[in-house]
Each structure stands twice: as C-alpha cells, then as structure tokens.
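The structure appears below as structure tokens.
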Amino acid sequence: MRWFLGVVWVVILAKCTLVWWAIGHWHVPVHPAWIVLPTLILAALATGIWLAAHDE
C-alpha cells in the first residue's frame, strides 16, 4: 500500500502546483497558500495517522 501513498502524494502535489499556477494566471484575489497549506497539512496528518495504524 505504500505505492498507493506515493501516487496519492504525487496527485496532491500536482493539484497544489496547478492551484498555485491558476490563481496567479487568472489573478484571483486570494493568496494560493490559503488553499495549498491546508491541503498539505491535512494530507500529512492523514498520512501520519495511516502509517501509525499500519505498522509493517
């Protein structure tokens, strides 16, 4: 299942990159960190909880 976590993290990072680019490209009046940081924090928290529950 660790490969699944790797794939999910790649998707999360791609989403964050796309959001950062889109906000800058279309001049949305919000800083991209307001979307990217909570995404990364929750993803890290979920990953940590999952890894703690599935010790191999």
What side-chain donor-acceptor pairs closer than 3.5 Å can you find for residues 8-18, not counting sequence neighbours?
from	atom 1	to	atom 2	distance (Å)
W9	NE1	T47	OG1	2.9
K15	NZ	T39	OG1	2.8
T17	OG1	L13	O	2.8

Can you name the nearest heavy-atom pair linking A33 to P38, along with the distance? O-CD, 3.5 Å

Out of the candidates I35, I23, V19, only one should pair with V28 under the side-chain contact (heavy atoms from CB on, under 4.5 Å) rule; please name it. I23

Could you walk me through whether H25 and W20 satisfy the ring-ring contact (aromatic ring centres under 6.0 Å, His included) test, starting with their C-alpha distance in whole Å, then the side-chain angles of each, then the deciding distance to 0.1 Å, before giving a yes or no? CA-CA 9 Å; H25 181 74; W20 202 285; over 10 Å; no

Going through the distances and angles, do W50 and F4 end up as a side-chain contact (heavy atoms from CB on, under 4.5 Å)? CA-CA 12 Å; W50 186 85; F4 179 73; over 6 Å; no

Find the distance between NE2 (H54) and CG (L5) and round it off to the nearest 0.5 Å. 9.5 Å

